[in-house]
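We use all heavy atoms of the structure for the numbers below, so side chains are in, but hydrogens, waters and symmetry mates are not.
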Amino acid sequence: INLETDPTTIPGAGIATDAARLLIRFGLTAAEFDRIDLLVALGNLAAARIAAKLGAHPEGLLRRRLRRRGEPVPAQLYWLTRQQLAESLS
């Protein structure tokens with residue numbers, strides 16, 4: 001999942017967090033994925049906060065992984081597992 005935020009939306013409303021949470025829950029339960037990766041463009045602090053709220057763990061930096069305004073930019077890789085989801089719901 002590529003987490004991007006739009007600065008023209010209402011900051012702090014939780015819409016992006018809720019949407020990402022629903023996608024993650026679907027992927028780890030209904031689709032039965034073992035792991036979900038989240039990509040956050042380096043410097044996108046709002047998206048990094050969303051990843052942290054979701055309990056994702058940072059794994060590493062991927063160079064030239066995403067594009068912003070047509071230019072390649074690095075991305076921080078975060079991850080969540082099905083086991084983490086089960087623990088967070090209990």
Report whether L66 and L3 are members of the same hydrophobic cluster (ILVMFWY, side-chain heavy atoms less than 4.5 Å apart, transitive linking).
no
Nearest heavy-atom approach of G60 to Q76 is O-NE2, 3.2 Å
D37 side, atom CG; N2 side, atom CG - distance, nearest 0.5 Å
12.0 Å
Test side-chain contact (heavy atoms from CB on, under 4.5 Å) on L61 and L77; report intermediate values, then the result.
CA-CA 6 Å; L61 184 66; L77 174 65; over 6 Å; no
Heavy-atom neighbours of R82 CZ exceed 12 at 6.0 Å:
yes
Following the transitive rule for hydrophobic clusters with a side-chain heavy-atom cut-off under 4.5 Å over Ile, Leu, Val, Met, Phe, Trp and Tyr, establish whether F26 and I1 coincide in one cluster.
no
For T81, is there any backbone N or O sitting under 3.5 Å from a side-chain donor or acceptor partner on Q84?
yes
Please check if L39 and I36 belong to a single hydrophobic cluster, counting links between Ile, Leu, Val, Met, Phe, Trp and Tyr side chain heavy atoms closer than 4.5 Å.
no
Closest non-hydrogen atom pair between V40 and Y78, with its separation:
CG2-CE1, 3.8 Å
Looking at every non-hydrogen atom in both residues, tell me the closest pair between V73 and R67 and how far apart they are.
CG2-N, 4.3 Å
Distance, nearest 0.5 Å, that separates CG of L42 from CZ of R65
14.5 Å
Atom pair CG/OG1 of L22 and T17 - distance to nearest 0.5 Å:
11.0 Å
Closest non-hydrogen atom pair between K53 and R21, with its separation:
O-NH2, 4.4 Å
If you measure from NE2 on H57 to CG on L80, what distance do you get to the nearest 0.5 Å?
7.0 Å
Looking only at heavy atoms, which two atoms of W79 and P58 are closest? And how far apart?
NE1-O, 4.1 Å
Taking the side chain as every heavy atom from C-beta outward, state whether I24 and L38 have any atom pair closer than 4.5 Å.
yes
